Amino acid sequence: MTDLAAPLPGLAPAPNTSNKTRNGRRGQGTLAMLWRKANWLMRLYIGLFVLILLVALFAPLLAPYDPNAQTLLARLRPPVGFDRAMPAHPLGTDQLGRDMLSRTLYGLQLTMLIALVGSLISMVLGTALGVIAGYVRGPLGALIMALVDIQIAVPFTLIALLVIAIFGNSLPVLITVIGIAGWEAYARVVRAQVLTVSRMPFVEATIAAGATHSRILLKHILPNIVSPIIVMWTMTFSALILLESSMSFLGLGVQPPTATLGSMVGLGRDYLASNPWIAVVPSLAIMFVSLLVLLIGDWLRDALDVKLK
Amino acid sequence: MLDFLTRRTLGSLATLIVVVVAVFFATRLSGNAMDYMLPPGIDTETKAAMVKHFGLDQPLWLQFWRYVTGLFSGDVGISLFERRSVVAIYAERLPNTVMLFSYALVLSVALGVPLGIAAALNRRNPLGSAIMAVAFVGYATPNFVLAIVMILIFSFNLHWLPSSGDATPLHFLMPSVVLAAPMLAEIVRFTRNALLDVLSQDYLRTARAKGLPEWLVIVKHALRNAAIPVVTIIGLQVAGMVARCVLVEAVFATKGIGDLVVFATMQRDYPVLQFGVILIAALVVVVSLVVDLLYAAIDPRVKVTA
């Protein structure tokens, strides 16, 4: 998971000179500022991403069929525009006559849900441990950083395989695996940020004024490390979509007949020679979502002027 | 310098010890492996015999001792599924993975560096933008999606390449390309940016002012200084590439250690899985250690920050 914090320098837009977000007011003001900063292309990306989120959210309403309903008389129909296509199934059907459009919508929903919950778990876990390591320090902090080093050193795929072999492959296990995938990146960045911020004069002033630890952390340190956390979150999010897809693709994630984008590609692989759309449709969906999140995350890093070092 | 060497080596050693211990206890967490292996309804006598055969009836500390001493003597048990020595299975599979890995490494460096240079020198015209756009897509495309697309095009439409297996060198072409893609993209990006950083330096103006031809300026003065960050990224990516082998081998049915590890996960073949995890982790840890040490030897500034 070392890739998570890696910058994507080649495509970085012009560096942003304003540093207001660091200490400026958050919430509405920051969002409006970000929107003003975005050029039309980035606004298009953001719009598309919001659209995808809405589609995933309302998948049950948008899907024309039950994703697991089989129509054996309409098996292996290609998408509209090819021979033998049926207008009732715009993206075709799979080997059991299940509607590809419905499955893709439900698959998108589940993939996004798993990545979302997983990335929130790793964010909360990583931030908490990073704050402890940076603020409390001592032997506990050293232990946390040792764990971070170990997780960086061992390829995460192996940890995931081991956990799945032990606990079986079910949705809760998959979400847990994905939740522990990105925490070490947060912990490292948050610790470094906390160390920097807690040495700043305004924190020293609050300590001198007699503020409690929780007040210092919540009111003074946390607001100043929100930007890097948000940027890390966008980056982990796309990595987690790929992790979920890879696991489900290998048959180690969500079990059939439940559809996620990855498991659909995995099942479609067997029909690649004769009925390629079964694998291609969800593949395109995965690629589209992960590209979009990467582009937005990359832009956000520059717009919020975050250095993830 | 010596201090850095010792600290870094001890750190790697500690990581390996944690991996070995964690793998052992993790695989025992889920209870008796025999529960999954044997068919339901088997009589208790046979089951007890199987448990005894695999040494699973001994106390945990004794099992751990046998496991650790086994690691050093090369006896890491027998596969529950294949009933053969785990080491023999890995020895059989390792050449394929090493081959795949080396092809991918050579491919990404041999293509990535020139493309990165081209992108830097053409940064203001469409060629440079096109290279960077392709690199970005290569970075963002999941391995298995790229694999599917390539199989569709080169195996099923053009009939040029075999879609799976490892019988001939030709079978390794697509897996190597898929494995190399993310690293290739990273190398292109880092080469471009490192070169752009260097191109604006004063000593390049000096080199041009004294009348050197442009290609000599690039090769002798710019590239040499741009090499350090590029070497770093290659070192960092090697670890990730070992991990990606797992997925790529599974997709293309290359009989290597990655494919073996995935299969062992599905079959809950713990002896195979635990040795695979330790072997791959050890490879990654050693490779990153070697890269770090080499890097510290090339660039003395490293030890200050490390």
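None of these values were measured; they are calculated from a predicted model. Chain identifiers are assigned alphabetically (A, B, ...) following the order of the sequence lines, protein sequences preceding nucleic acid strands; residue numbering begins at 1 within each chain.
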Under 4.5 Å, counting heavy-atom pairs only, tell me which of A:Leu284, A:Leu161, A:Leu242 racks up the most with chain B.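 Greatest number of close heavy-atom pairs with chain B: A:Leu161.
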Quiz question: by atom type and distance under 3.5 Å, do the side chains of B:Thr97 and B:Glu249 form a donor-acceptor pair? yes
What I want to check is whether the side chains of A:Trp233 and A:Ser119 have a donor and an acceptor closer together than 3.5 Å.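 A donor-acceptor contact under 3.5 Å links the two side chains.
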Heavy-atom cut-off 4.5 Å, strictly under: side chain, backbone, both or neither for [X] against chain B?
{"X": "A:Ile286", "answer": "side chain"}
{"X": "A:Val280", "answer": "side chain"}
{"X": "A:Ser246", "answer": "both"}
{"X": "A:Leu252", "answer": "side chain"}

So B:Met132 and B:Arg123, side chain to side chain contact (heavy atoms under 4.5 Å, CB included) or not? Walk me through it. CA-CA 9 Å; B:Met132 292 323 287; B:Arg123 65 186 175 283; over 6 Å; no
Minimum heavy-atom separation for [X] and [Y], please, with both atom names.
{"X": "B:Ala104", "Y": "B:Ala180", "answer": "O-CB, 3.5 Å"}
{"X": "A:Met100", "Y": "A:Pro282", "answer": "CE-CD, 4.0 Å"}
{"X": "B:Val261", "Y": "B:Gly276", "answer": "CG2-CA, 4.1 Å"}

Please classify the contact of B:Val19 with chain A as side chain, backbone, both or neither, using a heavy-atom distance under 4.5 Å. side chain
If you count heavy-atom pairs under 4.5 Å with chain A, which of [options] comes out on top?
{"options": "B:Leu146, B:Ile151, B:Val251, B:Val242", "result": "B:Val251"}
{"options": "B:Ala281, B:Pro142, B:Ala185", "result": "B:Pro142"}
{"options": "B:Ile148, B:Ile280, B:Val285", "result": "B:Ile148"}

Using 30° and 60° as the class boundaries, would you call the ring planes of B:Tyr90 and B:Phe275 parallel, tilted or perpendicular? perpendicular
